[in-house]
Structures are given as C-alpha cells and as structure tokens.
Enquirer: 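Encoded as structure tokens, here's the structure I'll be asking about.
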Amino acid sequence: MANTIRLYLTCIRNTLEAAMCLQNFPCQEVERHNKPEVELNTSPGLIMNPVLICRNEAEKCLIETSINSIRISMKVKQADELENILAKKFLRFLSMRAEAFQVLRRKPVQGYDISFLITNYHCEEMHKHKLIDFIVQFMEDIDKEISELKLSVNTRGRLVATEFLKQFI
Amino acid sequence: MAAVAVHQFAECITCHAWSPDQSMVAFCPNNSEVHIYKLFGEKWEKMHVLSKHDQIVCGIDWSLKSNKLVTVSHDRNSYVWSQEGTEWVPTLVILRLNRAALCVQWSPKENKFAVGSGAKSICICYYEQENNWWVSKLIRKRHESSVTNVAWHPDNILLATTSTDGKCRVFSTYIKGVDSKESESSSSDLKFGEQIAQLDLSVTWAFGVRWSPSGSILAYAGHNSMIHFIDDVKSNPSAQSIPLRDLPLRDLLFLSDRVVVGVGFDCNPMIFTADDTGLWSFTKFLDQRKAAPSSSRGSQLSEAFGKLYGTSKQVPSNDTVEPSKTRGGAHENCITCIVPLWKRGNTTLCRFSTSGLDGKVVIWELDIPK
C-alpha cells in the first residue's frame, strides 16, 4: 500500500526534474510581452507533449511543459462523498490564497482538483530541486490532510450525536 | 582542472562578457541594466551602470580589438557602447525588429555583429562610415521560430543560427563594401542571406551553436539532452549526435578543435572530446560534486545516493519522501552563458568563465592534452 505511493511520487519527481528546464522567453506573438507559453497555448512549437501519470483511475497527475513555464495538475483521491466535499473545500481554500504560495494556480485545470503554474521567474528566484520537493511533499500531505479532516469530521459527528441523544436516555 | 574563482555579483545573471584585458566584467543582473565591475586587487568594484534599455538585457558582447560593447534587449533595441574617457557612450542601432532580440555576437573581424530575434529573423549590423551610424540588414526568410543563438565562422562571412524550430542553419552574410571578396569562395555563396545549409538533427529546440576554431566543425545542443557535431558543413556534412545522461545544455564553447565544453541545466560544465578518428564522446563533468548526505539518513543510504546520482531508485525501507540531493558544486542554478578567456600569447584556450541564474560568475581552468 505504501509502496505504490512511493513509485508514483518518484515517477512524478523524475518527470519534473526533466520537465522543469525553463528559460526566459519573450512572447513571439505580441511584442514586448513575456507570458507563460503553457497558458497562452498559441505556438504549438513551444509547448512539449503533456505527460499524464496515473496511479489509478482516481489519482493522476498531468504535467504540461513549455519553454518558459510548466503546469502541474493533480487529481486527488476521493473515496466517498465526504472525501469529495472535503477535498473540494480544502483545495478551494488553498487556491483562493494562491498569492501566498506563488506557484499555485488560482483555478485548477478542467478535470483536475488543483494546479500549479511554475514559470522561469520562479526557477530564477528559487532552487529547482526545492520547488520539486515542495510539489511532491504537497501531494503527499494532501492525502494525509484529507484523511485527518475526514477523521475529525467523523469524530465530531459522533461526539455531537452522543451529546444530543443523551437527553433522550 | 576546476573552478579557479567564484564571484557572486547579483541574485541572477542573464549574460556576461569580459573586457579585452580581462580586468572588467560586464553583466546583466536580470534587469534592464548592464553593470560593469572592475577588479582592484582582490575586490570587485562597480564601475559603471549602463541603463538605456527598457527590458531585460539578454545579450552582451565585448569586442576584443576595438573595445566596444554591444547589448541587445527584449525591448527590440540594441546599443553599441564605446568608452570615451571614464564614461560609456551609447549609440542606438536601428535593428528594425518587431519582437525581442535574443542574442548577439561580434564577428571575428569586429566590423559586423549579428543579432538573433523572436521575430524569426537575424539582423546583421555593420558600421557605415559616411553616416556615422550602424546599419542593419535583416535575414527574414527561412526561420520558422525564434532564433536563439548565433555563431560566426572564423571567415567572418558564414553565420550559424539555432532556433526554437529545432533546426540549425548556416547563412552567408557577405556585405559589399564591408567584406572583401575571397578568391576561393564561389560567387553563388556570397549573396547576402543565402542559406548554405539547414540541419534537422534535433527534434526539439536548439541552443548554443558554435564553430570550432578552425571553422571545420559545427556543434549545437538540442533540448532533448543531445549534442550534435557536424563536420564539414559546406560540402560534405557528416553528423554525430551524442545523448547526454542528464539535463539539456544551454551553451557551448570550443576550447580547441577536439575539446568542447557544454553548460546547462545540470549546473556543471561537461567536457566532450574527439579522438583521433573524429569520434566525439562525453568525457567528464568539470566540477567535483560532493554527494552530501540527506539530513535524517544513515551513512549507507547516503552512499547509495552518491552512487545513484541522477537515478532515483526506489528504496522500499523508508516511509517518507526522499528529499532531492543537495548540490555541492560551484553553480547552484542553471548555467546560461559561457565566455572564453584568452591568455595573451596563447593559441589554445584553457580558461573560460560561466555565469548562471544563481548570480555567480565562475572562472574555470582546464589542462588540455595536446
């Protein structure tokens, strides 16, 4: 059980190491502009083939890279309805505060739960291996967080129900 | 055999160039200025700040004989700076570009310079004595995407370019009045803008094109972690492509006809040598990397990390995610620029400097076997 997540994360880490080779590249379409090419999507020659890494049907990671930016989208494991709601709310909470994270994208890509956008400017300011560590750590922590949240929701529900039903004893 | 000097100048350096006597270095600290530092004994002092550009300065070249600096920027402009007294005086060069300029290089005779741009064209600029300004001639056709690097052939006429369409092209830049007609060259080659060759070896973006000192070998790097060597481009080209073990290269330098240094995303210069038959191969990394142990691991695991540099094999015993290996080399971030440092009187090159996104300029020295 623990092994499959190791493989999944190692695969993502290796792919990111290869894909995160970004450089400053001024826009070819508009003069004086410098925009992340993976978001613009205007020049197919500047965008590489996207890589999809699937752990199973529920969990996958899409890595789209271009000459000056990389977009990493993740679909988090959601076993039941409760996890669905928790994941959605938690990730929405994070995405709304995307400025604090710098590399987070405000809206996830269609079909995924959360997306990161890393540009060459991030690679210049921060160490590449630290960025990759952050992304992989994030993926690991998300699963733990959602399990913890689910556990606390269930515990609280049980406590509230016990207290409420005491009056009928 | 390693880094001779490491200087931290800024947070991030885009490109750099050395003065003819190697006492001054000009670089762009990832903004629209060019800083010139001079070495006084042991300390570097900021001598000049050239701030004429509006956007990031992406190319600087310092001509060795005429002591002129040429800078190009993403704002589509280029300036030629000449030192008058203690000040640097800029001369605007009208490049007639409608997109950013990406790279610049003085020709070997320093009467022309070439600029590659995002407008899918190259500008060849030369000085017109009568009007006292720099004129540019554009090569507009052929390129399908941005021109990332340009390299002059030692004969001052042929120019090799690499582009993000993956191709390396060689053009003739003969300009009447500036270039003297060579008797050996055939007249068909001499037309300005004539494409001599197009090399399709790389399937991804191509960077870092260079000619060997004799002009017989052309080398360039592809973003798919390959380096291509082409012998005898004009008449009978024969190519060799070497895949690299790790990340792609950004720039190359020929130290001699048989030794090439490549720098790139590995943060470590790589040496390639050709044997007597002309077969190129990867020799070694220049920087001695210390395999630093990760924080909470035992010594056995850290040994394994050291051995498995570049390949993260899955170790089933540990439960938490392994952090990335810490670097121990001179550069901490991608190396973007490599510049030769010729020693006075020497014909072979054994010193060069690299600058990278970590803001360091590192000088390397290498003993090349004859």
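Throughout, protein chains are lettered first and strands after them, A, B, ... in sequence-line order, and every chain is numbered starting at 1.
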Enquirer: Which residue in the set K88(A), K77(A), Q78(A), R92(A) passes side-chain hydrogen bond (donor to acceptor under 3.5 Å, both in side chains) when paired with D113(A)?
Expert: Q78(A)
Enquirer: Going by the angle between their ring planes, with limits at 30° and 60°, are H223(B) and F265(B) parallel, tilted or perpendicular?
Expert: perpendicular
Enquirer: According to the interplanar angle, ranging from 0 to 90°, do the rings of F164(A) and F168(A) count as parallel (below 30°), tilted (30 to 60°) or perpendicular (above 60°)?
Expert: perpendicular
Enquirer: Quick one: which of E144(B), K120(B), R76(B) has the most heavy-atom pairs under 4.5 Å with chain A, could you say?
Expert: R76(B)
Enquirer: In terms of heavy-atom proximity below 4.5 Å to chain A, should D54(B) be classed as side chain, backbone, both, or neither?
Expert: side chain
Enquirer: For chain A, which candidate among S146(B), G166(B), G359(B), P248(B) shows the most heavy-atom pairs at distances under 4.5 Å?
Expert: S146(B)
Enquirer: Can you tell me which portion of E29(A) sits under 4.5 Å from chain B's heavy atoms? Options are side chain, backbone, both or neither.
Expert: backbone
Enquirer: Are K150(A) and D80(A) close enough for a salt bridge, meaning some N to O gap below 4.0 Å?
Expert: yes
Enquirer: Look at the aromatic rings of F138(A) and F101(A) and report parallel, tilted or perpendicular, splitting at 30° and 60°.
Expert: perpendicular
Enquirer: Please classify the contact of L97(B) with chain A as side chain, backbone, both or neither, using a heavy-atom distance under 4.5 Å.
Expert: neither
Enquirer: Can you say whether C12(B) sits under 4.5 Å from chain A via the side chain, the backbone, both, or neither, judging by heavy atoms?
Expert: side chain
Enquirer: For the candidates R32(A), H127(A), K128(A), which exhibits the highest count of non-hydrogen atom pairs separated by less than 4.5 Å from chain B?
Expert: R32(A)
Enquirer: Any chance CD of E11(B) has more than 12 other-residue heavy atoms, nucleotides or ligands included, within less than 6.0 Å?
Expert: no
Enquirer: By a 4.5 Å heavy-atom criterion (distance strictly below it), what part of L22(A) contacts chain B: side chain, backbone, both, or neither?
Expert: backbone
Enquirer: Quick one: what part of M126(A) sits under 4.5 Å from any heavy atom of chain B, side chain, backbone, both or neither?
Expert: backbone
Enquirer: Taking the ring of Y220(B) and the ring of F207(B), is the distance between their centroids below 6.0 Å?
Expert: no
Enquirer: With only heavy atoms counted, which part of N333(B) is less than 4.5 Å from chain A, the side chain, the backbone, both or neither?
Expert: side chain
